[in-house]
Every structure is written in structure tokens, then in C-alpha cells.
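Worksheet: the structure to be examined is printed underneath.
So you know, we letter chains A, B, ... as the sequences are listed, proteins then strands, and number each from 1. The structure displayed is predicted, hence computed values, not measured ones.
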Amino acid sequence: MSTTVILFWFLSALALLGAMMVLISKNPVFSVLWLIVVFFAISGHYLLLNAQFLAIVNLIVYAGAIMVLFLFVIMLMNLNSNTEPQKNTWLKVAGAIAGGSFMLIMIDVLIDAKDMQTKTALIKEGNIGLIKNLGRVLYNDYLIPFEITSVLFLSAMVGAVVIGKKGEAPNQ
Amino acid sequence: MPIEYYIMLSVVLFCIGVVGVLTRRNAIIIFMCIELMLNAVNLMLVAFSKMHHGAEYLTNPTSTAGTDAQLFVFFIMVVAAAEVSVGLAIIVMLYRNTHSVDVNFLNRLKN
Amino acid sequence: MMFSGILVKHHAALKNIAIAGLLVLLGLNVGENYGFALFDINTTNMLHFERFGLLFNSICIFSTLLFVMLSGKDVEKVGNYTAEYFALIFFILCGIGIVTSYVNLMMLFIGIEIISIPSYILTGSDKKNLKSNEASLKYFLMGAFSTGIMLMGIALLYGTSGTFLVERAAAQTPSISYLEAMGLLLLFISLSFKVSLAPFHFWTPDVYDGAPTVFTSFMATIVKVAGFAAFIRLFESRYGSMGSQTERLIAIVIVLTLAFGNLTAVFQQSVKRMLAYSSIAQAGFMLFALFSLNDAAKEGLILYAAAYCLATIGIFAVLVKMEDGTFEGFNGFGKSQPLLAGVLTIFLLSLAGIPLTAGFFAKYYMLASVVKTGNNLGLVIIAVLFAAVSAYYYFKVIQAMFFKDGDVSFPAVTSRFKYLMVAVAAVIVILGIFPNLLLQFMYF
Amino acid sequence: MSQLAYLIPLFPLIGFLINGLGRNKLSKSLISIIGCGTILASFIVSLLIFFEVKQPGFRAVTVHLFDFIRVPAFNIPFDFQIDQLSSLFLLIITGVGFLIHVYSSAYMKEEAPQHYGRYFAYLNLFVFSMLLLVLGANYVIMFIGWEGVGLCSYLLIGYWFKNNEYNYAARKAFVMNRIGDLGFLLAVFWILQKLGTSTYSEVFANAANFSTAEVTGITMLLFVGAMGKSAQIPLYTWLPDAMAGPTPVSALIHAATMVTAGIYMIVRSNVLYSMAPGTLGFITIIGLVTALLAATIAIKQNDIKKVLAYSTVSQLGYMFLGLGVGAYTGAVFHVMTHAFFKALLFLGAGSVIHAVHNQQDIRYMGGLKKHMPITHITFLLACLAISGIPPFSGFFSKDEILAAAYAHNPVLWIVGVITAALTAFYMFRLYAMTFLGTFRGTHDQEHHLHESPSAMTIPLIVLAVLSVIGGFVGIPEVFAPNAHALANFLSPVIVAPAESHHLSHATEYMLMGVSVGLAAIAIFYAWTRFSKRPEIADATGAGKMLANKWYIDELYDAAIARPLVAFGGFLNRFVEKSGIDAVVNGVGKGVQYTSNKIRLLQSGQVGNYILMMVLSMVLMILLIFYGHNLTPILNKVFK
Amino acid sequence: MIPVLLILVPLISGLVTLFLRQEKVSKTWALFSSVITLAIAIFGAASANTSGNLLAFDASWVPTLGARFTFGLDGMGKVLTLLTAIAFPVIFASTFKNRYSGSNAFYGLMLFSQAGLMGVFLAMDLLLFYFFWELALIPVYFLCSRWGGERRIAVTWKFFIYTFAGSLLMLAGILYLYYQTPDHSFAMRSLYNIELTQRGELFVFWTLFIAFAIKMPVFPFHTWQPDTYEQSPTAVTMVLSGVMVKMGVFAVLRWLIPIVPNAAVRMSDVVIIFSIIGMLYASLIAIRQDDIKRLIAYSSIAHIGLMSAAMFADEGVATQGVVIQMFSHGINVIGLWIVADLIEQQLGTRKFSELGGLAQKAPTLAILFVVMALANVALPLTNAFVGEFLMFNGLFRYNHWMAGIAGISIILVAVYTLWMVQKVFYGEARTGVEMIADVSPGAKYMLITLVLVVIVFGVYPQPLINLTNDATKILAQLK
């Protein structure tokens, strides 16, 4: 068993554990922290897959920026452990069953996908994940989406301003 | 690694996200679960990227096959960031008005 | 088209500038449709402009133009950020330009997001109103969820084909693999969500109801039909290999959508909410285009988009100004505003699919496309029966307007508004008699 | 001359139009002159035509007016046919009709001008329709007249429209006639379908094309028509009720002309009937039973007109008996004599009613003999005629029918003779109670008793003369060989020979003797009994049964009319409102209900929404990837 | 050219009417334009078939669909356009005294419905036909709901949804037909030559027939009708029962039987049995009505039942009878409605239990009504006799027993019609009816005109029959 295999299993387990903990944690702050753990695990996977750029971006953008934003909002709202007052167990069970069956059925279907059974993901070789390659493709083939994303950001910015700016008190 | 492992891992992560969306009622945590789903997809895309690249790589080491998936992941992250900013703004706005982020209280609109 | 995105950045200003911008856009669009492209940008396999998309785009722009002209004043009343609202509307238009002409799934994703994010914001733009806030959050959460599903679908598709191009992906795999099938299914589901097909329609009534009426008007019409354009483009090339199970699935979705939309609309008290449900029902009809995916389907979708947008925008333009949005609120409207009531009647008739209005030919083409595919007559019968149900609630408005007495508080409107409404009604009637005036753009 | 046949119905039509449209402006005398004059003109033309027809070797003449209905499948011309039969009926109709018109002009004197005009218009219209009926050269034209007389009968029965009883009677008459008309109509359809024509000459020429079943069916259906029009069992109850109309109307329509239309039609179709022995048997039985039944009822009636009405029904039964046994000539003969004496009886009754101020109950009459000599004499003559006392006209015609019946089957004869005796009995009961004894009405009425004006008595006298001598046109062979002028006259029209020729003279004398003897006994008994002890008290026991007409009206009411109306009510209330309409509304309600339920799915909870989305995703995946097993079922639903 | 004029004249004058605010003016204008239409219709009916473009019109409409503006005036069309053209001036004139709030809208909508009706009878293209089919319905919906009786909204509502559902079913059938034509068109000619599978024929048959059956209406699709007739303003009821129900009958003859003859033959037993049940059923119910309008409504159902049965008898005679009867029934029932309206307008009631003895106060009205009632009974020498005679004739050829059973209705029709006459006009005058004046000149002349039509075509129906000959020819060719 090579190091990569060990790492793969370790990271997978970590990711799954983190994901479960996000779900289970009562305190939102812990959820955020567990989510960061998941992101780290996923970044680890990226590294394993030789996608160094994405690994870094993932850490910086997700774990660094987005999650901090989440944390910030949670802190701002002062949401502590018991923020979910009434428990609707029925809904939870139903949700879990539905999600679970969704998972089972997807796995069942995808396992049957014959054309995937022989293929493997290249672990170490290849350097498409490097910035150099990505940058070239991005600015050649993917220029338009790149430009258009600016519209997206602009709209998000405008939106954040429209929504976030303090208005009058609600009248209802 | 066999690609199936990655598929399974992603699907399981994805579904944990789905279950999270279904079972939690805190809007922020639901949102986080959605982010979890996105990350599962990202992981899968990267794995596929390497898979396709690997197929080309054997014959042509300079091939850039699979790059597009990684770029896609990049775009997903970008979009997610935008989404988060808007989403959190909305949540904050609601919180300011109702002092709650419990989605179960959101039932003024029904029937 | 491409330039919309660039243009609008500078045009986030007042209504008149918006109108001017839209006129320019419309001109460019129509010009391009006739082959006079002003610019030519190499889109490198991201976008491809062809008749269908362009025509669709033109319809969306034209509808937006009308929307701005009819309801521009009301946009200003929503809040203090008029310029921003217009900007957001233009962003959405940009997204529509993308989804009507994408060839790369990445563009689809980005386009949908560009449409969605401003929509979330517009929904929540009435910040004082808790309903608006609530709608916005609901919309956002569910929208993000469906985005996740869409991405999963795209990822799975990529997994089988190694490309994001719609066409090439189809060409590579003549027989469909489980992975691809699952990917397509997930894409179908998430797009169904965007165009509010049952059983993924649940957000629609709440969001449309909660959003400021003027934006509901925009979202329920232009945004929604754009979703269908995306739908068509996605499945156009893949459909043949998907097998009878999918056809059946779509049929089930159609029936469910028609049933949910129509049946629930029957019981509504608020016209706005009724229109929300009716928009679901109309989506069910538009899905016929996907079911049959032939020439008639495309023609029909174009016509449907035009008829539906024009009529719904017209109705909303009046609804926005009403103080009482329930059916009772319309009592006696025919007496106090005979002209507007008459025009509204034409809109409602069009939505119900009565001949002599564009709505008839729209529905006609849709049904025709199904019949053309073969013997799915059961589906046609179900559809027409539900169309009869739809007449039920549309006519409730007409009844209230003409046959019941009541005092309507309706602000004075400018004669320009009235003339514009009459003009829209005239367009609907003309299209109802000569649908070819629009459809000829598809072929020349 | 016969080419001018169209003039005959034209005159009454003109009279109808003038009187009908101008009734508010014309004076009464002018109205009566127009009313009577047009009929007189028709009578004169009829007479001229009759003389032409009477010449030996006359062949039937068809007068073509225009094509009534011409479709690819058949052509129905508006044609008149002049032959022996129709010209004879023309004479009866216009002749008796004229007399009754004259009589009416006096009888209706007290009516307001516009109603007077209406009355004459109706009467003229009736004559027009009746003429159409007998003149028509095909069954459809006959049917037009056939329905037309029904209409006029309806209008005239309900002439005094303020009285709802009368209106009911009128409606009853029309509806019952309609039942018969339906039969007639179906028969016409059958003929048209089979032969593509309804013109008599062509139908009879091609009668051989019919199978026995067909011809039996057609003749039966035609007979149903005759039942309605000629008041035979089971469609006879309208006729007594029809006495609600003015008395001259009863005389004209319900005694002399319209009710004999059935006889005319069957005689006209004798070619067909001769081919259908089954139908003839049926007619015989119906005729006989009707004759007997009506006679028994007449015994206990106290309304002067009702007695006459049942008598008419009974006599019509006689005629059908004659038709049934093949004595077509005899039936026509009886039609003719009956027209004379029954019209006379009715007019006499009218005269009496006139005198006693609209009192119709014979229990409150009596002793009118001395007050109204002319009426009395003529009435007596008519009674003798109808009772079959030689040498009055009734004797000859009745005898011919009875003889034919005997030849056919002696049992028929026995019943016929009994009926004849009953006829004599009730007629003289009527006579005795009206004219003999002492007056039993109020003092006031007695004071005003008077003979009728001459406009009324002259027709009485004329008819009385005819009743007395009318029988000599049909003297049977036993008295004078080949003297039966009527039979000779009609022979071109009637192809089937009567069976009476088989009887020996001795038998015939015997038969006559028995019937006349029985009649004489009945007369004697009635005369003596009722002139001294008039029957005042209400009948009891069997008599009550008869007085109440065997409760047939009640039976019809309970068995047909009420159930139908009740069924209509049931349909209206339960099937229509709670049934079909409820289903229709139920669809709407169902939609509303489902709407109300489905609406609840929209709970407003994001969690629920997403849950449902996920669940449906699961189901969709199941359908797509595991749905092959569902294929057969789904195929059925969506293909 | 004439077909286009027949549609455009009412359509344009309807539009004009909308802008004539003054009541008097709009009334007069509507009457005037309807008289012009009548003149055109008479001219059209009198023109020979051979005169080229005079009676036909053809222009491109939706080329991608193969739909064309094709109008033509054949014999059957002539009869029905004539009926429509006669009906409207008569309606306008006889209700001239009635006041409608917003009269410009009222008369405008009336004229629109006339245009729609004309279109239905003239269209030679199935899609065009469908268009006009709906166009005729919508104005009537508005008319009934706006100017009707107390329960008008709910009642008209039902009527509308019911017929609309039917129309939509028909649309499904039309679509199917369209794709089965070899040249993908809606033209009558190609539809007549269409060849369908047995299943296809049945599908088309039922989708179309149900739509037509609802319109006619045939038992058991009739329940909208009495309520609607009762609640509509009488002028509209006249349009509905006089002309509009003929649309269904006409459509069966023009679009159903020729296109799917085999299915029509196969299903004829079913349809005829239902029609006959409907005839008797409606007649029995009519006997129990206490309202003039409802009684006439049920009577109308019974008459239509006969037409429906006769149409499917598959006999030329019956078909001709149906066409003639469409005309005759239209005239007669309008006459009855005029009287019903006069009574209601003057006395404010239509209940038999509150009426009686009107003949003393209004003798002219009584006579005219009796003539109309007798025409309703189909007495010989009234126009209805000819039609019924031919129809029963055809039905008899089809099946003796069915004709016999159907014939019971001619007894029942006498029962209830005469009952109505008796209840309204005869008997002692009731209190409350004294104020009735005899018929007003306008209505009187209209009624006299109708009576003349009744009698003239009753005595000499050949002109009408000649017009119907080609309806039979078409059916004969198909055999």
C-alpha cells in the first residue's frame, strides 16, 4: 500500500467525518469549523491529484474567505448552540431517509456504469493543474466566461449593496 | 486510484450535503451544506479531469486534456463566492427583520 | 448577446436610458438575425448564435422593453435603488443572452447563475416587507440547492465525455451510459426547477407572491421563458439517444405540472398568486416543446414565449397598480376603466388560449408538435382538459371585472400607458391571426 | 270541370283568410255570409264535379298543383285526385258543411263579433283541411289534411278558451289524434321507403311488391291513425270530451266529417287492406268492441251531447266492423247516412240546448215536444234512422254491414244486432227524456222555451229529408237487383267485392227481421219507460259503472297520463338536477376540492419543499433506471 | 366575395358600434347593418353555384401550417347564412324597445357573434372553422354574463367552460386529423379524402362529436342549456337557440360525417339511441316545466335530438331534412322567444302559474304565438313539418323501431306545447296580467314576417330543399 493510497483513504475518511460532523454539530460555529476540515481534506485530495492551483485556491477562497465570512455572520448574529428551538423529528427522519435513499440509489446506478469500471484517475503524472497551463487555457478558450463572470460579480456586488444597506424597519 | 472511488466519495459527500439541507433548519447551516455539495462536485470534476488527462497523457504527454474541468472548478468557486456574498446578505437582512434564521418560521407565504 | 453585458454596465441609469439601451439592443439583435452583425467576436466554442436563440433573445429583449415602458414607473416605487434595479434587470438580460445561445455547459452554468443571483436580489428588494425577505431566502436556498444538482449533473456528463460541449458530448457516445443518463437527468431536474415544473415548482408561488409585483412580472415571464430556451438547446442534440423512459418521464412531468398549476390556481384568492400558479401551468404547456422537439415545437415555443410574455406583462402592469390584488379587487373594473378592462380581457383570453389571440396559436403549435411525434393523443387530451380548467380561473378575473359591482381604487394612468397597453393587445390579436409574422423570422 | 277541383278547397281557404284577418272589422252578417257563401261555392263545384264523375267510364283525374317535397329519394307532388270516392266525400263535406254553417250563423249569434269571425274562420279552415284530406292524391297530402282537421278540431273544441275544462278537452283531442297520426306517418314512411312514392295510383299499382308482413305492418299503422281520428278503442275517449265545443262543431266535425276520415282512408287503401287479412281481422274486432262498449256507455249518459258522442263512437265502430269484413261500400254508405242523421241529431240537440239556455242535462228537460215542433219531428226521424227502422236511411246502411258481418262470421252479426238494439234503446231514451213527459227545468227556462229561428230549422229539415230518403241510394239486392247505386258508383275505386253476395235472400230477410224486431222492442221499451218515469236519480251498481264510462278515463289517467307526468317530474327533479347536472357540476366541484387539497402541499416550509424535490428525484431515478418493469403499464397510459 | 362580405360587414359594423355611445344610434346602426347583411345573404343564396369567385374566397393564412383563408358558400351554407342573416334583424327589431345599459357594447358583441356564426357556416378550412367556432362563443359569453338574469354569472360560466372544454377536445381531434392529411393541410378537400385507421377514426369521431354534441346539445351533454336560456337576455337566447345550436348540427354534417364516415356508421347506433333517449327525456321534462323559457329550452333539446338522430341515419333524405329543420327550427324558436320576451318584459314573469288568459288582452299576440307553437309541433303546412317529415323518413329507413320510438316525441311535443299555449293564453285572465298591452308594432311585424316564413316554406319548401341537395350529394359521394 503506497503512501498515496494511504493518504487517499485518510483524506476520504477525514472528509466524510467532517461532513458528518457538520451535520451533527449543534453549534453552528462547530459546523463551520468542521466544514473547514472538510475543505482541507478536499484540498488534500486536489494535491494528490496534482491540481495544486485548485488546492491553493480552495484553501484561500473557501476555507480562508468564505468560511470566515460564515463564521463572521454567525458571530454577528450571536447564534449559539440552541438556535433550533422546536425539533421536528418527523421531518428530520424523513429528510434523512430521503437523502439516504437518494444516496443509495445514486451509488447503485453509478456502480453499474460499465464504462467507468476500468478507468482510473491519474494520481501523480501530468501537470495540467499548474497555473501555467490553466492560465493559458483560461485566457484563450475561456476568455468569454471569464469576462462574463465579471457581470456576475458586478451583480453580486450590486445585490449585496441593495440588500445589505440598512433600510427602514419592517412594517409587518 | 480507480475513478469509482472518487465517484463514490463525491456522491457520498454530495448526499451528506443533501441530507444536511433536509434535516437542518438553520438557514446558515443549510447554506453550508450546499457549499458541501458544491465541493463534492468539485472533487469529482477534478478526478474526472485527471482521468481524461490520463487517457491522453499516455500517448501525448503535452496534452492539455482535462484542463477545462479544472477551470470549471475554478469558476464554480468564483460563482460560489458571489453566491455566498448575496446569500449571506439575504440572511442578514432577514435576521435583522425577524431575529431568526430558522427556515421553519418562514411560512407567511403558503397555499 | 455578448454586448449586452458590456453595454449595460454603463446603462445602469434611469428608465429612459434603459429604454434607449433596450432599443439599441433590440436593433442589434434583429440586425444580427438578418445577418448584419456589428461586431464579430470569436466565442471559441462558448456561444453560438443561430436563428432560434436570436429570435428568442429578441423576444426577451422586446418583452423587457415593454416591461420597462409599462412598469418602469412602478420599479421606481419599490425602493431607493432604482438604478440598481435596472442594472440587475440588465444583468439578467445578459444571462438570458447567454442561455439562449450557449454551446458549452460552463456557459449554461454561468448564464443561469447570472440570471439567478439578480433574481434573488430583486425578490428581496422590498426590504421592508417580510414576505419579500422570506421569498428571497426561500428562493435563494432552493436555487442554490438546484445549482448544486445542476453541477453534479454537469460533472457526471463531463465524466463520460471529457468535454463540456453540448454537441460533441452527444456525438461521442451513441449509446448512452448510466453516468451520462444520470447527468442528464440531474440537469433536467435542475432546469425543471428553474422553469418551475412540477414537482420542482414549490418555490414558484411563494417567491412570485412574495416578490414585489413588478419584479414578479419580470421573473414570471422573461426569466422563465429563457429557461426553456436553455432546455431546448441542451436536449436538442441529446434527445434521440435517451430512450423511451425519458419521454415517459417528461410526459409525467408535463401532466404533473399541468395538474398542479391548474388545479391549485383554481382556489386562489389573490390574482397575483393565481398568476404564479398559472405560470406553472403555462410552463407545463411549454414543456411540450421539449417532449416533441421538432420544428413545430420550436416554432411553438417562440410563439408561446411571445404570447405568454406579452400577456402576462400586460396583466401585471395593471396588477401592480391595483391596491387590492384579490379577485374582489377587480370587481367593477370594467365600469371604471373600460378600455383597460377590455385590454386585460384580451390578455386573459390569450393566456387561456382562445382563438384570435396569440395564445391560441401558441397552444396550438405545442399540441401540434406532440401530435406530430406520433400517437401521444392521451397526453393531448389531458392537456386540453387542463386548458379548460385554466379558462376557469382566468375568466374569474374577467367575471370580476365586468359582471360584478364594486369600487375599484385604481390610480389615474397616463394615456401613454393606455395606448401602449392597447398596442400590446393589438400585437397579441395580430399574432393570433397571423402567427407567421413572428415565425417567418425562423426561416428566410 | 274536374280540373277545377282546386277551387273546392280554395273557397273555404279564402273564407278563412277573410274572416280570420278581418274579424275585428267585419260585421256579423257579413262574416256569416262569407263563411256560408264560400262553402256553398265549394258545394256547387263539388256537385258539378260529381255529375261529371257520375258519368259512366269516368277515370280518376289528377290535378297537379306543384311539387310539395321533391328530394332525390322521392317526389311528393301537391296533387288532387278526383274519383268516385273523393267526389262522394266532397258532397258530404260541403253539403253537410254548408248546412251546418248556415245553422251556426244563427246558433252563434250571441258571440262578440271578433269571436264570431274567429268561429267562422276556424270552421272554414276545417272544411278546407277536410277537403284537402279527401282530395289529396297521395298519402302525404292526405296527412296534411289529416293533421289539419285535428288542429281545427282542437281549435274549435277549445273555442271558449276561457274555460280550462274545454281547453283540456281540446288538448286531449289533439294529443290522442297525434298518437294516431304517428301511426299514419310511420305507415307513410314505410310506403315511401318501399316504393319511393306515396301517390295512390302508383302505390296500389305496385302493391304486389309488398310482402305480407310489410303490408300487414303498413295497414296496421294506418289503422292506428284511423283509431285516433275515428275514435276507436283505445283512442276514443277524446270524442265525448270534444263535446265541449259549440254544438254545430260537434255536428260537423265530431259526427259528420272528421271522424269518418279513418273510414275514408281505409276505403281509399282498400287495395292494401285486402292484402292484409290479419289487419282486417283486427279492425273487425276493434270495431265491434268499440261499437258495443260505446253503446253500453251511452245508455247511462245524461248529457244530451255525450249520448250522441258515444253513439257516434258506436256507429263508427259499426263502420269499422263493415270495413273489417270487407264491406267497404257498406262502410261508406253508413258514413253517408250517418252524416245525415247524426248531424241532424246534433243540430237538433243544439236547437234544444239553445232553447233551454245551455242546459245539456236531459234530466232537466222533458216535454219539449210541444214547444219545439220542428226540432221534435226532425229529431224523431233521426232517431228512427239511427235505430235502423226501415225505410229510413240507417236501416239500409246498417243492414248492409250486418249482412256482410253475418257472411263473415255469425258471431259478429249477433253482437252487431245487440249493439243495434242498444242503439235504439239509448236513442229513444234520449228522445223520450227530452221531448216527452213534462218539463223538469226551472220555471224561468220554461218561460223562455221557443222554437229556434229558421236559419236553424231549415238545415234540420233538409237533413231530416236526407235522413229519410238517403238510404235509397244503396238498396240491397234482395229488394231490387242492381239497384245499389252507391256500390255501382264506387266500384271503380273498390277492388274487393263484398262478401254479402254469398247470402241467400231468405237468410237476408231473416237477418233484417231479427235486427228490426229487436230494435223495435228496444224502442218500445224505452219509449214507454222513459216518457213516464224519467231516470232522474244517479245510477247505481252496474249502471254507475256505465255512467262512469267503465272508468276508462280514470284508467287512462292512472295508467298512462299520471305516470308519464310523474315520470317527467322524476326526470326533472332527480335525473336532471341530481343526476346529470350533478355529475357536470360534480366535475367542477371535484376540481375545486382537489384544488383545495393540493393547495395544502404548498405548506410554505422550505424543508418540505426540498424534501419533496428529493423524493421526486429519487422516484425519477427509479423510473429512469429501474423503470423497465413498468413499461407495459405505462405504455397503456401514454400511448 | 360574398362570404367575405358576410363576415366583414357584421365584424366591422360591430367594431363601429362599440364607439356609438348613444343608445338609439347604436341600436339603429346595428339594425341597419344586419339588414345589409341580410341583403347580401339573400343575394348569395340566390346566386348560382357556377359564378366563379362570387361565392368563394381563398387566400394564404399560415403557410407553415397549411392553413388557408378558405370560404365558400354551398347549399348548406346558404341555408344557414340565410338563417343567421334573418335572425339578427328580427332579433334587433323585436327587442328594439328593450333597454340595455351600455348598449354599444351589447350591440357590438351581438354583431361580433354574428360574424363568428357566419364564419362557422362559411369556413372551408378546418382551422378557420375552429377559429370562428370560438369567436362566436366568446361574445355570447359576455352578453349572457353581463346582461342576463340573476344567476347569470354561475350559469353562463358553466355554459362557457362546458363548451370550451368541448372545443378543446375538438382541437385535439383537429390536430390529429391535420397530421394525417397527406399534404398537411386543413382544407376540406384533403380532409374529405383522408384515410385513417379504425382507431384514428374513432378518436377523431369522439373528440369532434363531443364538442359538437355539447354545442347542440345532445343528451346527456345538455344540462347547461336550459339554465343558460333561462338566464340569458332574450335577444341572446334567440341567437343561442335560433342559430348557435345549429353550429353543432352543421359541424357534424360538414366536418364529422364526411371526414370519418366509417366511424360515423359504426357509432350511429349509439348516437341515435342517445339522441332518441334525449328527445323523449327532454320532452318529458318539458311537460313539468313552469317557465316559458325553460319549456322552450327543453323543447329545443328534443328537436335537436331528432336532428342529431337523423344526421346519423346515413340517409340523404334525413340529411336534407336536418338542413331544412335547422332553418325552420331557428325561425320557429326565435318566434317563440319573441313572444316569451314580450310577456316577460311587460309582466315581469315567465311562470305559467302566474300567467293565464292573455288571449283576452292580447289576441294578436295569442294568434301569432299559436302559429309559432304549431310550427313547433311541426304541423303540416308549417315549415317544420317538411324537415321533420324528411328526418323521420330517414330515421325510419335506418331502423323502423327507432323511428317509432322517436315518434313518441311528436306526441309529447303536442302535449307540452299546447299546455304552454293553454297556460299562458287561455283560461280566465289572472290578476296581474291586465296590464299587458297587445303586441307592439316592431315585434308584431317581425312576428308576422316569421309567420309568413313559416307558412311560405311550409307550403312551398322546394326552394329550401333545392339548396340542401348538395349536402346529400357530398354524403352520397362518400359511400
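Two residues are said to be in side-chain contact when any heavy atoms from C-beta on lie closer than 4.5 Å; C:Y158 and B:H52 meet this criterion. In this structure the side chain of C:K127 never reaches within 4.5 angstrom of the side chain of B:N97, judged on heavy atoms. Within the 4.5 Å cutoff, side-chain heavy atoms of C:I154 are placed close to those of B:F72. At least one side-chain heavy atom of B:I76 sits less than 4.5 Å from a side-chain heavy atom of C:F109. Contact annotation: the side chain of C:T147 approaches that of B:E83 to within less than 4.5 Å [non-hydrogen atoms, C-beta and beyond].
Within residues 207-215 of chain C, the residues approaching chain B closer than 4.5 Å by heavy atoms are, in numerical order, C:D209, C:G210.
The side-chain contact (heavy atoms from CB on, under 4.5 Å) check on B:A89 picks up A:I163, with sequence neighbours excluded. With sequence neighbours left out, B:V12 forms a side-chain contact (heavy atoms from CB on, under 4.5 Å) with A:L16, A:M103, A:I107, B:I16. Remark: B:F75 engages no residue in a ring pair (Phe, Tyr, Trp, His ring centres under 6.0 Å) (not counting sequence neighbours).
Of all heavy-atom pairs between B:V41 and C:A155, the closest is CG1-CB, 3.9 Å. What you find for C:G148 and B:L38 is that their closest heavy atoms are CA-CD2, 3.8 Å. Between C:L156 and B:F48 the shortest heavy-atom distance is CA-CE1, 4.3 Å.
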Checking side-chain contact (heavy atoms from CB on, under 4.5 Å) for the pair B:L71/C:F164: CA distance, chi angles, key distance, verdict? CA-CA 11 Å; B:L71 278 173; C:F164 292 110; over 6 Å; no
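Atoms CD1 and OG, from C:I117 and B:S85 in turn, are 7.0 Å apart once rounded to the nearest 0.5 Å. We find the CD1-CE distance between C:I121 and B:M93 to be 10.0 Å, quoted to the nearest 0.5 Å. Of the inter-residue distances, the one linking C:N133 atom CG with B:I90 atom CD1 reads 9.0 Å to the nearest 0.5 angstrom.
For C:I110, the part lying near chain B is the side chain, with the backbone staying farther off; criterion is any non-hydrogen pair under 4.5 Å. Within the 4.5 angstrom heavy-atom criterion, only side-chain atoms of B:F14, from C-beta onward, approach chain C.
For chain B, the option among C:M152, C:E113, C:K138, C:E134 with the highest count of heavy-atom pairs below 4.5 Å is C:E134. Contact tally against chain C (heavy-atom pairs below 4.5 Å) for B:I34, B:V11, B:V21: the top residue is B:I34.
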